[in-house]
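Chain letters run A, B, ... following the sequence lines, proteins first and then strands; every chain starts at 1.
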Protein chains: 2
Amino acid sequence: MEVKEKLKKYSDAEHCPVRNVISHFSSKWSILLLHILAEESPMRFGEISRVLEDISPKVLTSTLKNLESVGLVCRKVYAEVPPRVEYSLTPSGRTLIPALAPLVQWSIDNFASIVGNRGQSGKRS
Amino acid sequence: MEVKEKLKKYSDAEHCPVRNVISHFSSKWSILLLHILAEESPMRFGEISRVLEDISPKVLTSTLKNLESVGLVCRKVYAEVPPRVEYSLTPSGRTLIPALAPLVQWSIDNFASIVGNRGQSGKRS
DNA sequence: CAGCATCCCGTAAGATACTG
DNA sequence: CAGTATCTTACGGGATGCTG
């Protein structure tokens with residue numbers, strides 16, 4: 001198939017798998033969150049909050065909900081007092097991690113050159 | 001290193017390679033654009049516009065600039081009348097494509113289940 | 001042709017306070 | 001503890017019109 005045809009087709013977000021999928025975990029914390037859960041599951045809400053110390057509960061909630069809605073994360077509620085909720089990766093979520101690995105590696109390898117002299121030298125806001 | 005330490009470190013966007021890198025091409029058209037240029041380089045501004053027919057010049061410009069600023073795309077201006085500008089992937093940009101491939105594949109494989117019955121059946125706006 | 005300038009909108013994301 | 005509610009800001013993205 002012609003490149004142009006293919007891309008014309010994928011210009012429509014609804015028909016582009018990559019965009020459709022990426023859009024779901026390209027939010028600020030999604031990938032980080034996935035990797036946290038990949039290495040340590042299950043985790044409780046508060047635990048995650050403590051690790052991602054800069055995330056607000058609201059954002060964490062929405063990020064988790066988003067990931068849950070696309071079946072990457074599993075949310076398990078325990079009817080206890082005090083309440084306990086545990087998050088973990090779904091099988092589907094687990095398969096995403098290795099698919100992401102090369103990209104992560106690339107990012108690490110190219111981080112320096114991408115950021116240029118930022119982050120490399122003493123630059124810290 | 002402890003997972004938590006690692007993630008605490010990466011919570012700061014500036015120290016997280018993945019987020020830092022991904023943030024640059026997680027915009028709506030970036031990946032599509034990269035793949036277009038991966039298959040057909042160089043391309044002129046107008047050519048790209050025609051392929052990505054839904055993109056506005058402004059957004060295309062900013063997307064290209066963004067990709068250029070991180071060294072993924074190369075912009076070549078020809079001092080002619082009428083002006084001609086050609087865009088192509090940099091070597092760095094080319095290495096990104098294969099790193100993205102597994103993710104793309106994963107997206108394709110999991111597209112259906114992610115979107116659920118949307119896009120599968122007749123759903124079209 | 002290849003943009004830039006400008007205005008507008010929707011949504012991600014942050015801060016803060018409150019609750020089952 | 002695990003969120004929700006509300007407000008506010010920042011930015012991506014789109015539309016339109018203009019220019020070197």
Side-chain angles (χ1 to χ4, degrees), chain A residues 10-14 16 19-20 22-34 36-37 41-70 73-88 125, chain B residues 10-14 16 19-20 22-34 36-37 41-70 73-88 125:
Chain A
Y10 289 162
S11 290
D12 183 356
E14 219 162 331
C16 177
R19 266 170 62 190
N20 214 299
I22 284 195
S23 67
H24 283 297
F25 53 77
S26 67
S27 72
K28 184 166 175 184
W29 301 95
S30 303
I31 293 191
L32 215 42
L33 195 44
L34 286 173
I36 288 173
L37 291 174
S41 280
M43 273 183 96
R44 303 181 57 176
F45 191 91
E47 258 182 295
I48 303 176
S49 300
R50 254 164 278 128
V51 177
L52 267 46
E53 41 179 23
D54 289 334
I55 200 171
S56 73
K58 179 202 151 185
V59 172
L60 177 52
T61 302
S62 69
T63 305
L64 283 167
K65 271 191 176 161
N66 178 23
L67 293 176
E68 190 198 355
S69 76
V70 293
V73 161
C74 172
R75 179 175 185 268
K76 199 170 231 168
V77 186
Y78 295 86
E80 305 174 353
V81 175
R84 183 158 56 103
V85 182
E86 286 183 348
Y87 293 93
S88 52
S125 72
Chain B
Y10 288 161
S11 289
D12 183 355
E14 218 161 334
C16 177
R19 264 170 63 191
N20 214 298
I22 284 195
S23 66
H24 283 297
F25 53 77
S26 67
S27 71
K28 183 167 175 184
W29 302 95
S30 302
I31 293 190
L32 214 42
L33 194 45
L34 285 173
I36 288 173
L37 290 175
S41 279
M43 273 184 96
R44 302 183 57 176
F45 191 91
E47 257 182 297
I48 304 176
S49 299
R50 254 163 278 130
V51 178
L52 267 46
E53 41 179 23
D54 289 335
I55 200 172
S56 73
K58 177 200 154 186
V59 172
L60 178 53
T61 301
S62 69
T63 305
L64 282 167
K65 269 191 178 164
N66 178 22
L67 294 176
E68 190 198 355
S69 76
V70 293
V73 161
C74 172
R75 180 175 185 269
K76 200 169 232 169
V77 185
Y78 295 85
E80 305 175 352
V81 174
R84 182 160 55 104
V85 182
E86 287 184 348
Y87 293 92
S88 53
S125 72

Task: Between P of D:dC1 and CD of A:E47, the distance in whole Å - done: 11 Å
TODO: Might you work through the side-chain contact (heavy atoms from CB on, under 4.5 Å) test for B:K28 and B:V59, ending with a clear yes or no?
DONE: CA-CA 9 Å; B:K28 183 167 175 184; B:V59 172; over 6 Å; no
Task: Heavy-atom pair of closest approach, residues B:R44 and B:P83 - done: NH2-O, 3.5 Å
- [ ] Please report, rounded to the nearest Å, how far the C1' atom of D:dG12 is from the NZ atom of A:K28.
- [x] 15 Å
Task: CD1-CG distance between B:I36 and B:L52, expressed to the nearest 0.5 angstrom - done: 4.0 Å
- [ ] With the side chain counted from C-beta on, respond yes when B:L60 and B:W29 share a heavy-atom pair under 4.5 Å apart, and no when they do not.
- [x] no
Task: Rounded distance (Å) that lies between atom P of D:dG3 and atom CD1 of A:I48 - done: 9 Å
- [ ] Quickly, which of A:L64, A:L67, A:V73 forms a side chain to side chain contact (heavy atoms under 4.5 Å, CB included) with A:S30? Name it, please.
- [x] A:L67
Task: For atom CZ of A:R50 and atom C1' of D:dA2, their distance in whole Å - done: 11 Å
Open item on the list: I need a per-nucleotide contact map over nucleotides 3-8 of chain C, read 5' to 3'. Cutoff is protein heavy atoms under 4.0 Å; write B for the base, S for backbone only, - otherwise.
Closed with: SS-BB-
- [ ] Return the value, rounded to whole Å, for the distance between atom CH2 of B:W29 and atom C1' of D:dG13.
- [x] 10 Å
Open item on the list: Here's a test of your reading of the structure: between B:S27 and A:P82, which maps to the more 5' nucleotide of DNA chain D?
Closed with: A:P82
Open item on the list: Under 4.0 Å from OP1 or OP2 of D:dA2: is there any side-chain N or O of A:R44 that close?
Closed with: yes
Task: Residue whose nearest DNA chain C nucleotide is more 5′ - A:V59 or A:P83 - done: A:V59
- [ ] In whole angstrom, give the distance that lies between atom CG of B:N66 and atom C1' of D:dC11.
- [x] 13 Å
Task: B:L60 CG to C:dC1 P, straight-line distance once rounded to whole Å - done: 14 Å
Task: Identified side chain to side chain contact (heavy atoms under 4.5 Å, CB included) partner of A:L33 from the options A:T63, A:N66, A:I55 - done: A:T63
Open item on the list: With rounding to the nearest 0.5 angstrom, report the CE to OG distance, B:M43 to B:S88.
Closed with: 11.5 Å
- [ ] Find the distance A:E86:CD to D:dC1:C1' and express it as a whole number of Å.
- [x] 13 Å
